[in-house]
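In the text below, chain A, chain B and the rest are named by the order of the sequence lines, each starting its count at 1.
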Amino acid sequence: MSFLRQRAVIFPAAGSHPIRIPLFSHKVAAGFPSPADDYIQERLSLDEHLIHHKEATFFVRAKGNSMLGAGIFDGDLLVVDKSLNPKSGDIVIAVVDGDLTVKRLIKRGDTILLKPENSKFSDIEFHEGQELLIWGVVTSTTKKFI
Amino acid sequence: MPVALVDCNNFYVSCERVFNPRLEGVPVVVLSNNDGCAVARSAEVKALDIKMGTPWFKLKDLAQRHGIIALSSNYALYGDMSARVMSILATFSSKQEIYSIDECFLDLTQFNPHSLIAYGQTIRQTVKQNTGIPVCVGIAETKTLAKLANHCAKKGFAGTDGVCNLVALTPDQRRALFSQIPVGDVWGVGRKHREKLLNLGIKTVEDLRTTNAERIRSHFSIVLGRTVQELNNLPCIELDEVGAPRGQIMVSRSFGHSVSNMDDLSESVAYYATRAAEKLRHDQSIAASLCVFISTNPFKDEPQYQQSIVVPLLPTDNTSLIISAALAGLKQVYRRGFNYKKTGVLLLGLHPKSKMQADLFDESLRQAKSDNLMHIIDTINQKMGKGSVGMAASGIKHRWALRREKMSPNYTTDWNELPVVW
């Protein structure tokens, strides 16, 4: 389909992610090559560690204490992957009364629970016929100390 | 050789709804820069028969009556969401062509023609799940038809669940469908063409499709002749012809409130000139002239004045040269005693920088110095945020700056504005 090639933005085929190659700048002609050359590896990246679906990953800020038991504190940064299908036991972001809320998703027979991890808060129950909108699945949380 | 057009539904409104679920199911409009007029409307607003481009002040009464929520446009958010949607769509075809912020063509040649509808559904569901943005998919033999198919999917004329595949229709089904759709809905038929076509008795897509392409070409234009061919399954509209490469760069905005003194006007013109020069360098182009214009508010019952002037440039991409020329132009057109609502800078005569002609008196050293300085400014602004360094002429306070009173947070591009979860 040649006419598709005519203009500007053409993206490469799926899965052809760019490959990062470390760049060596020392001069080879004179002296010994760096003894480390053969051992050069890509530096670790937190993005790579925490984000598996780049386009579907969003950061949100936790407010309040309803998920203390899961290690989520007020002000924590949550990494949310929208591409994952929520399973029972996952920590999810759900839409409740127009707000986004973070809770643990529990399926018990016909009932679905959004369970806080703090005894001071009560479960939110959804029965058959009620709609529950899951916004995304929380894959990790990060906190900064400084 | 089918091609798909994937188009986001009410894109700006959908972006807002992803992060603010309260906007779901209520009428929402997104306003243009400076909260001027409606540039995006939710389905609920369209149902109230509010047209695209309606000025917000004309809408206020209706808005109150129907509880319409108006938002300022948040281009940082829309830009990021668009990039996400487009990269997801790129995984569905080896050839993708991004046509605008919210639509792209995908080449589906390599796919089994019998599974295209299912494939369209997969595209739609994946984008929706991964980003929250709803899209419609139109599939057909040519781009013009794919556009039309998308239109049908959106309006519910044909197809199901937001996917319409014209390839799957029999000639009779197509004829019946096309006879229902007004000719003005065809991609490439503008308002002027539409009126002329109607006068000739060409009212529907089917009328246009069955008109002799030669006749259309002689009565209208080559481009519209190709549209007719495309409606007949002959792919022939090359994208270059529809969306020509950027021939000019325009930066212009309305002020938050009217401005009458030269200092504020100069600041705004210098600021727009700066933005225009940035865009110019981003495109790796140079400009051979620029146009400055100023205008009062035509909606106000006040003395009116509009004027513009073209200022020639030694072809350049240098911000300070462009600012000087723009300010010189402003001095020429400025008249005391008017309340100005809008200024703008338009860069013209764009050429690739690589083909820049050496100036007889040019010292290449001076050019290199200029390039270095511009490169450093652009790099700093990219790293530290827009406007970190700039020319003093473009000011700092921007008293004239545009109104964005109803803007949502930068949910995805600012650490301090992330969505909050309870």
Query raised in the report: Counting a contact as any heavy-atom pair under 4.5 Å apart, which residues of residues 57-68 of chain A contact chain B?
Result: A/Thr57, A/Phe58, A/Phe59, A/Val60, A/Arg61, A/Ala62, A/Lys63, A/Ser66
Query raised in the report: So which residues of residues 84-98 of chain A are in contact with chain B at a heavy-atom cut-off of under 4.5 Å?
Result: A/Leu84, A/Asn85, A/Ile93, A/Val95, A/Asp97, A/Gly98
Query - Contact leader toward chain A among B/Arg22, B/Gln129, B/Arg84, where contacts are heavy-atom pairs under 4.5 Å - result: B/Arg84
Query raised in the report: Atom CG of B/Asn10 and atom SG of B/Cys15: how far apart are they, to the nearest 0.5 Å?
Result: 10.5 Å
Query raised in the report: Hey, is B/Lys353 close enough to B/Asp317 for a salt bridge, meaning N to O under 4.0 Å?
Result: yes
Query - Salt bridge present between B/Glu230 and B/Lys143 (N-O < 4.0 angstrom) - result: no
Side chains of [X] and [Y] only: does a donor on one sit below 3.5 Å from an acceptor on the other?
{"X": "B/Thr109", "Y": "B/Asp107", "result": "yes"}
{"X": "B/Asp80", "Y": "B/Thr413", "result": "no"}
{"X": "B/Asn74", "Y": "B/Ser408", "result": "yes"}
{"X": "B/Ser93", "Y": "B/Gln96", "result": "no"}

Query raised in the report: Which pairs count as salt bridge (Lys or Arg N to Asp or Glu O under 4.0 Å) when at least one residue sits in residues 74-83 of chain A, sequence neighbours excluded?
Result: A/Asp76-A/Lys143
Query - ring pair (Phe, Tyr, Trp, His ring centres under 6.0 Å) contacts touching residues 115-139 of chain B (sequence neighbours left out) - result: B/Phe92-B/Tyr119, B/Phe111-B/Tyr119
Requested in this report: Anything under 30° is parallel, anything over 60° is perpendicular, the rest tilted; go ahead and classify B/Tyr12 against B/Tyr75.
Outcome: perpendicular
Query raised in the report: A/Lys54 versus chain B, heavy atoms under 4.5 Å apart: side chain, backbone, both or neither?
Result: backbone
**Report entry** Heavy-atom contact with chain B under 4.5 Å, split by part of A/Leu78
**Finding:** side chain
Report summary line: In short, B/Ala168 meets B/Ile117 closest at the heavy-atom pair CB-CD1, 4.5 Å
Query raised in the report: B/Val18 versus chain A, heavy atoms under 4.5 Å apart: side chain, backbone, both or neither?
Result: both
